[in-house]
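Proteins get letters first, then strands, A, B, ... in listed order; numbering begins at 1 in each. Basis for what follows: all heavy atoms, side chains included, without hydrogens, waters or symmetry-related copies. None of these values were measured; they are calculated from a predicted model.
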Number of protein chains: 2
Amino acid sequence: MSLRHALLGLLAQGPASGYDLMKIFDISLANVWPATQSQVYGELSRLADAGLVKVAAEGPRGRKEYAIDDTGLAELRHWLTEVEPTHVHRSDMLLRVFFLGRLDREQAAGYLRRQAEFAAGRHESLAGLVDIVSEGEDDLSVYGRLALEWGLRFTNLHREWAEWATAEIEKWPSPRDPLTGEAPRETGG
Amino acid sequence: MSLRHALLGLLAQGPASGYDLMKIFDISLANVWPATQSQVYGELSRLADAGLVKVAAEGPRGRKEYAIDDTGLAELRHWLTEVEPTHVHRSDMLLRVFFLGRLDREQAAGYLRRQAEFAAGRHESLAGLVDIVSEGEDDLSVYGRLALEWGLRFTNLHREWAEWATAEIEKWPSPRDPLTGEAPRETGG
DNA sequence: GCGTTCATGTAAAAAGTTACATGATTGG
DNA sequence: CCAATCATGTAACTTTTTACATGAACGC
């Protein structure tokens, strides 16, 4: 139920509408916990039903400003201090790696090279965030910078690993056909 | 639809039952794409309905051995070469980091220290896999070793980052209360 | 007036989790 | 014969994705 806690965490900074939260989400939390508009609005309703937040004010265009309640704050604190992170990672990028043996060596190396390039680009775009985020002294900015540092290290690891893996593959001499040196599988199925 | 492709990828190595696949999953793919028994059996049925795999043999205890079809192989190759990885990461561990400002400095540092320990433990358990996995010369082992290297680097990054972040927090002098040096928030809500 | 931004929702489908249910076969 | 392993499935629920639908208010 992390989306729920993400919303509680943001509302702990101060009241906000679903629309506001969605924007904050997109610029700050999307890298660690993406959420869609439809999810955010739905979860806010459920949060209000459960009494963890309440509609503190209504504005133009049906705007509802939500504020966190004491039960919400307690739940947030409980989640932060008592609930072990799940540490479940899914990566379709790494999943593909297991099956790279279905491709010939060049294609497999190409895949990894593209991953290195992707990671380099992602690293640059995160690096561009550093200046923007370095201003704020609010909790979200201060702690967000720790998460950003994680992102910089991660994208760097990603690139380095992919470059290493590319080189690794390229130095294997077509392992399954030592006699001819030919690649065992070609593009056509 | 990565689960589908994970199953196709495993079946590309040779025929297997849902039960077999589940075991292979648990020891090799679970770190990059966890799946439950109920998901595997369900997806195999759908895969068979879609004509990407077929039941090649039936054994004792209702065992169904699935084999990949040409359409399945084509779909696997298409996924490997044409479909961009989504690069969507969810981490409730990092999500919590954004909200660490709700805790006092010691609690926040404690959280990060626990993450460093967790990562160290995970690293050790992956390192233990190296010997086991270093034998196989089949595709899954050969390429799985690349993924394992990723895991070793990742857990190492995780630990280093968490240690860095702990130190970072500990050197902040209760930033929101420079006059008294007292922590601005205490444990009680 | 008109385009942009603000603002909220619903519906359906896909994916993933948890729990339950059932029973055959094998090895000691 | 009995425990462990093999083996498959269903049901209910939660979470996430995608698409659609609607309209008010603001600024120029």
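- Taking atom NZ of residue B:Lys64 and atom P of nucleotide D:dA7, one finds them 13 Å apart after rounding to whole Å.
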Are there any protein N/O atoms within less than 3.5 Å of an N/O atom in nucleotides 2-6 of chain C, and if so, which ones and at what distance?
unit_1: C:dC6; atom_1: OP2; unit_2: A:Tyr19; atom_2: OH; d: 2.6
unit_1: C:dC6; atom_1: O5'; unit_2: A:Tyr19; atom_2: OH; d: 3.3
unit_1: C:dC6; atom_1: O4'; unit_2: A:Arg61; atom_2: NH1; d: 3.4

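- Regarding B:Glu58, its CD atom lies at a distance of 14 Å from the C1' atom of D:dG9, rounded to whole Å.
- For residues 22-37 of chain A, there are no side chain to side chain donor-acceptor pair (under 3.5 Å) pairs, not counting sequence neighbours.
- Between B:Ile24 atom CD1 and D:dA7 atom P there is a gap of 12 Å when expressed in whole angstrom units.
- Scored by the ring pair (Phe, Tyr, Trp, His ring centres under 6.0 Å) test, A:His78 finds no partners at all (sequence neighbours excluded).
- Taking side-chain N and O atoms only, A:Tyr41 has no distance below 4.0 Å to OP1 or OP2 of C:dG9.
- Rounded to whole Å, atom P of D:dG9 lies 9 Å from atom CG of B:Leu44.
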Going through the distances and angles, do A:Gln115 and A:Val97 end up as a side-chain contact (heavy atoms from CB on, under 4.5 Å)? CA-CA 11 Å; A:Gln115 296 317 308; A:Val97 171; over 6 Å; no
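- Within the structure, salt bridge (Lys or Arg N to Asp or Glu O under 4.0 Å) pairs that include any residue of residues 3-21 of chain B comprise B:Arg4-B:Glu43, B:Asp20-B:Arg63 (at least two apart or interchain).
- In this pair, B:His158 and B:Trp161 present their aromatic rings tilted. The plane angle is within the 30 to 60° band.
- Two rings, from A:Phe99 and B:His5, have their centers 6.0 Å or more apart.
- Across the protein-nucleic acid pair, B:Asp26 atom CG and D:dA7 atom P stand 15 Å apart, rounded to whole Å.
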side-chain contact (heavy atoms from CB on, under 4.5 Å) between B:Arg102 and B:Arg96, intermediate numbers included: CA-CA 10 Å; B:Arg102 301 305 305 173; B:Arg96 281 175 177 82; over 6 Å; no
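- A:Arg153 forms a cation-pi arrangement with B:Trp164, by the criterion of a distance under 6.0 Å to the ring centre and an angle within 45° of the ring axis.
- With rounding to whole Å, A:Phe25 atom CZ is found 11 Å from D:dT17 atom P.
- The C1' atoms of five pairs define one axis at each end of the helix from C:dG1-D:dC28 to C:dG28-D:dC1, and these two axes lie 20° apart (to 10°).
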Expected string for nucleotides 14-19 of chain C under the B/S/- scheme (protein heavy atoms, under 4.0 Å, primed atoms plus P, OP1, OP2 as sugar-phosphate) is -SSBBB
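- Between A:Tyr143 and B:Trp172, the ring centre distance stays below 6.0 Å.
- A:Ser134 and A:Asp131 share no side-chain donor-acceptor pair at under 3.5 Å.
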Audit row: B:Thr81, A:Tyr111, side-chain contact (heavy atoms from CB on, under 4.5 Å) steps and yes/no: CA-CA 7 Å; B:Thr81 55; A:Tyr111 173 78; over 6 Å; no
